[in-house]
Undergrad: 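Here it is, the structure in full.
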Amino acid sequence: MATLSPVRGTQDILPDEHRLYARVEETARDVASRYGYGEISTPIFEFSDVFSRTLGETSDIVTKEMYSFEKGDDRLTLRPEGTAGVARAVMSNGLRQHLPLKFFYRGPMFRYERPQKGRRRQFHQVGVELLGVAEPLGDVEVIALGHHVLSDLGLGDKVTLEINSLGDSESRQAYRDKLVAYFSRFKDELSADSKLRLEKNPLRILDSKDEGDRKFVADAPLLGDSLNDASRTFFDTVLNGLAALGISAKVNPRLVRGLDYYSHTAFEFTTDMLGAQGTVLAGGRYDGLFEMMGGPATAGIGWAAGIERLTMLIGEADAAPRPIAIVPLGAQAEAAALKIAQNLRHARLGVDLGYGGSMKSRMKRADKVKAIATVIIGDNELAKGVAAVRDMDSGQQTDVSLAELEQHLARYRVEEKK
RNA sequence: GCGAACGUAGCUCAGCGGUAGAGCUCUCGGUUGUGGUCCGAGCGGUCGUGGGUUCGAACCCCAUCGUUCGCCCCA
């Protein structure tokens, strides 16, 4: 029995739900392409180094969440996120000479985490990366693109944008030092988690959910006060750009990123409708990433969004397209029906051909697939060279000559998507 | 990795120590070729799995797997 269950944290995506996934993916791809972002697919597994070098040997993702395996002499890892692979692809393909580059991607990611609502071990993301643009205008565009995708999905009023600046490396280092100095004074009173964070990742103490930590956090030095002039100006330019586009953003001075390659802008679109997994689309600027991979300094900014989380927010799946059902009666009619079905399909109509059973059961089948019309062909009809076409909503049934069938049914053709 | 709750037919759930139930779904029928309503019949569960306690366990105990909620982390 155990072997007939999916692996923990994985799931089958059945057709109804797949339409929801497709809607998210298609919306994101469509909006991204309007901003000039072309789709890129990188492999689902990479050399482990690609992730361990960029994410940091001590990060949670690398130390305990990666699906890694060896094959021959290669140490390989199922990708836990999308950015590292895209950056690697840029270098592998010598694409730096074409900077700036704009990419959209989608696909599965893998993280060995405790599954929760909106969090799976295999999950799916859509994301974008803008490479080679050091100017704050890039940040504005990327955030506007994320905002655009969410609002096209109808989530405009369900999410809020929070934003912060981590500053350049100089500002960030200065702040980090201040923060460590500050929290060290209360070291013994911090939560166990935050004591660890003080060593590994002091910025993370800022968004601790521990009650005891929070009162120290309240008086902690603010990142904003540590920004140097250049970083301050950069952040202001981003905020002004967003304001000019009418995108409201809430500056959250405690919004941080754990990974070292992040700098300047960090942002998250969050919702309060998904419990603890409220972050729906998040990203930031990662100007340090390429160097950590051993490449030349390259500016970068991007975001990723969890498709599972988005599908939970956008609600009901679109109805499946309604086919035309064909109900043949008798061997002769079945042979004719096969051809008719095929002709109609070539004419861009959706057709459901009943495979067997009584007429009653085939009619039920037609109803079950929500057929918009049913074409009934028996010996009587065949003798007259007609088919009985039944409109399944009105119940009206009329004989239509086989020659005019396609033309008659054209009214049921689903409109092409705009 | 830590804490908690839950796990009975495809779905939603009842049963809470004495040999498995309901509603919905599904299949077939209600005479010769007509769906959605109605009526009838039927299929379907070793009660997540493995141990233990007991004369006897879906019901008690332990373990394990899974789901959900929170922490950690993150999309």
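Here is the naming used below: chain letters follow the sequence lines, and residue numbers restart at 1 for every chain. All of these numbers come straight from a predicted model, not from anything done at the bench.
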Undergrad: Could you state the interatomic distance from CG (A/Leu153) to NZ (A/Lys158), rounded to the nearest 0.5 Å?
TA: 10.5 Å
Undergrad: Heavy-atom nearest nucleotide on RNA chain B for A/Leu281 versus A/Arg119: which residue maps closer to 5'?
TA: A/Arg119
Undergrad: Please tell me which of the listed nucleotides, B/C72, B/A75, B/G35, lies nearest to the side chain of A/Asp193?
TA: B/C72
Undergrad: What is the pairing partner of B/U46, taking Watson-Crick or G-U wobble pairs with both distances under 3.5 Å in any strand?
TA: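 Paired with B/U46, as far as the under-3.5 Å criterion goes, is no nucleotide at all.
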Undergrad: Check whether the side chain of A/Arg114 and the base of B/G1 form a donor-acceptor pair under 3.5 Å.
TA: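 There is none.
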Undergrad: Taking the P atom of each, how far is B/U54 from B/C13, in whole Å?
TA: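 So the two P atoms sit 35 Å from each other.
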Undergrad: Sticking with atom C1', work out how far B/C62 lies from B/U53, rounded to a whole angstrom.
TA: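 After rounding to an integer number of Å, I get 11 Å for this pair.
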Undergrad: Sticking with atom C1', work out how far B/G29 lies from B/C47, rounded to a whole angstrom.
TA: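 To the nearest whole Å, 32 Å.
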Undergrad: Can you identify which nucleotide, out of B/G35, B/C73, B/G66, has its nearest atom closest to the A/Arg8 side chain?
TA: B/G66
Undergrad: Closest to the A/Met359 side chain: B/U34, B/U68, B/C71?
TA: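 Selected nucleotide (nearest to the side chain): B/U34.
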Undergrad: Would you kindly give the CD-to-P distance between A/Gln116 and B/C71, to the nearest whole Å?
TA: 7 Å
Undergrad: Can you tell me, in whole Å, how much space there is between the P of B/C61 and that of B/U25?
TA: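 Result for the P pair: 37 Å, nearest Å.
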Undergrad: To the nearest 0.5 Å, tell me how far A/Leu344 CG sits from A/Leu405 CG.
TA: 5.5 Å
Undergrad: Taking 4.0 angstrom as the limit, do A/Asp352 and A/Arg365 come out as a salt bridge?
TA: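 Yes.
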Undergrad: Nearest-Å distance, CZ (A/Arg121) to C1' (B/C73)?
TA: 13 Å
Undergrad: Between A/Arg322 and A/Asp393, does any NZ, NE, NH1 or NH2 come within less than 4.0 Å of an OD or OE carboxylate oxygen?
TA: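 A/Arg322 and A/Asp393: salt-bridged.
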Undergrad: For A/His124 and for A/Lys360, locate the closest nucleotide of RNA chain B by heavy-atom distance; then report the residue assigned to the nucleotide nearer the 5' terminus.
TA: A/Lys360
Undergrad: Less than 4.0 Å between a side-chain N and a carboxylate O, is that true for A/Glu162 and A/Arg254?
TA: no
Undergrad: With heavy atoms under 4.0 Å as the rule, sort A/Glu268 into base, sugar-phosphate or nothing.
TA: nothing
Undergrad: Could you check which of B/A75, B/G36, B/G33 has an atom nearest any side-chain atom of A/Arg309?
TA: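 Selected nucleotide (nearest to the side chain): B/A75.
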Undergrad: Give A/Gly9 one of three labels, base, sugar-phosphate or nothing, depending on what nucleic acid heavy atoms sit under 4.0 Å from its own.
TA: sugar-phosphate
Undergrad: Under 4.0 Å between a side-chain nitrogen and a carboxylate oxygen: does that hold for A/Arg204 and A/Asp207?
TA: yes
Undergrad: With C1' as the reference atom in both, quote the distance from B/G50 to B/G44 in angstrom, rounded to an integer.
TA: 25 Å
Undergrad: Counting the atoms with a prime plus P, OP1 and OP2 as sugar-phosphate, which does A/Arg120 contact under 4.0 Å by heavy atoms, base, sugar-phosphate, or nothing?
TA: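 The residue A/Arg120 makes base contact.
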Undergrad: Go through the N and O atoms of the side chain of A/Lys370 and the base of B/G35, and report whether any donor-acceptor pair is under 3.5 Å.
TA: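 Counting by modelled atom types and ignoring angles, no donor-acceptor contact under 3.5 Å is found here.
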Undergrad: B/C74 P sits how many Å from A/Leu255 CG, rounded?
TA: 12 Å
Undergrad: For the pair made of CG in A/Leu196 and C1' in B/G1, what is the distance, rounded to whole Å?
TA: 12 Å
Undergrad: Could you check whether A/Gly395 gets within reach of a base, just the sugar-phosphate, or nothing at all, counting any heavy atom under 4.0 Å?
TA: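 Base contact.
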Undergrad: Side chain of A/Asp367, base of B/G36: donor and acceptor closer than 3.5 Å?
TA: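 For A/Asp367, whose side chain was compared with the base of B/G36, there is no donor-acceptor pair (under 3.5 Å).
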Undergrad: Return the nucleotide paired to B/G1: Watson-Crick means purine N1 to pyrimidine N3 with N6-O4 or O6-N4, wobble means G-U with N1-O2 and O6-N3, both under 3.5 Å.
TA: B/C71
Undergrad: Pick the C1' atom in B/C43 and in B/G48, then give their distance to the nearest Å.
TA: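 It comes out at 23 Å once rounded to the nearest Å.
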Undergrad: Just checking A/Gln397: base, sugar-phosphate only, or nothing, at a heavy-atom cut-off of under 4.0 Å?
TA: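 Counting heavy atoms under 4.0 Å across all strands, the contact made by A/Gln397 includes a base.
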Undergrad: Which part of the nucleic acid, if any, lies within contact of A/Asp210, taking any heavy atom under 4.0 Å across all strands shown: a base, the sugar-phosphate backbone alone, or nothing?
TA: nothing
Undergrad: Do the charged groups of A/Arg88 and A/Glu46 touch, with an N to O distance under 4.0 Å?
TA: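 So A/Arg88 pairs with A/Glu46 through a salt bridge.
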Undergrad: Between B/A63 and B/C2, how far is it from one P atom to the other, in whole Å?
TA: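 Taking atom P in both B/A63 and B/C2, they lie 13 Å apart.
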Undergrad: Would you kindly give the CG-to-P distance between A/Leu190 and B/C72, to the nearest whole Å?
TA: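 After rounding, the gap between these two atoms is 14 Å.
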Undergrad: Searching all strands shown, indicate the nucleotide that pairs with B/C28 (Watson-Crick or G-U wobble; both distances under 3.5 Å).
TA: B/G40
Undergrad: Check the distance between B/U32's P and A/Leu329's CG and give it to me in whole angstrom.
TA: 13 Å
Undergrad: Please check if any side-chain donor atom of A/Tyr67 sits under 3.5 Å from a side-chain acceptor atom of A/Gln122, or the reverse.
TA: no
Undergrad: To the nearest Å, give me how far apart CD (A/Glu65) and P (B/C71) are.
TA: 15 Å
Undergrad: Describe the nucleic acid contact of A/Asp207 in one word from base, sugar-phosphate, nothing, applying a heavy-atom distance below 4.0 Å.
TA: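 Touches nothing.
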Undergrad: Applying a 4.0 Å non-hydrogen cut-off, can you work out what A/Gly283 is touching in the nucleic acid: base, sugar-phosphate, or nothing?
TA: nothing
Undergrad: Can you tell me the pairing partner of B/A57 across any strand shown, Watson-Crick or G-U wobble, with both distances under 3.5 angstrom?
TA: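 Its partner is none (no Watson-Crick or G-U wobble pair with both distances under 3.5 Å).
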Undergrad: Mark yes or no for a side-chain to base donor-acceptor pair under 3.5 Å between A/Asn380 and B/G33, with no hydrogen or angle criteria applied.
TA: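 Answer is yes: a donor-acceptor pair is held.
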Undergrad: How about A/Asp30 and A/Thr27: does a side-chain donor come under 3.5 Å of a side-chain acceptor?
TA: no
Undergrad: Just call it for A/Glu381: base, sugar-phosphate, or nothing, with non-hydrogen atoms closer than 4.0 Å on any strand.
TA: base
Undergrad: Give one of base, sugar-phosphate or nothing for A/Ala282, where a contact means two heavy atoms less than 4.0 Å apart.
TA: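 Touches sugar-phosphate only.
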Undergrad: For A/Arg390, report the nucleic acid contact type (base, sugar-phosphate, nothing); a contact means any heavy atom under 4.0 Å.
TA: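 The answer is base, as A/Arg390 lies within the cut-off (heavy atoms under 4.0 Å) of a base atom.
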Undergrad: B/C72, B/C73, B/G35: which one has an atom nearest the side-chain heavy atoms of A/Lys364?
TA: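 Nearest to the side chain of A/Lys364 among the choices is B/G35.
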Undergrad: Using the P atoms only, state how far B/A58 lies from B/U46, rounded to an integer number of Å.
TA: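 Each nucleotide's P atom is 13 Å from the other's.
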Undergrad: Rounded off to whole Å, could you give me the CZ-to-C1' distance for the A/Arg365 and B/C28 pair?
TA: 17 Å
Undergrad: Using OP1 and OP2 only, check whether a side-chain N or O of A/Lys368 sits under 4.0 Å from B/G35.
TA: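 So the side chain of A/Lys368 is outside the cut-off, no N or O lying under 4.0 Å from OP1 or OP2 of B/G35.
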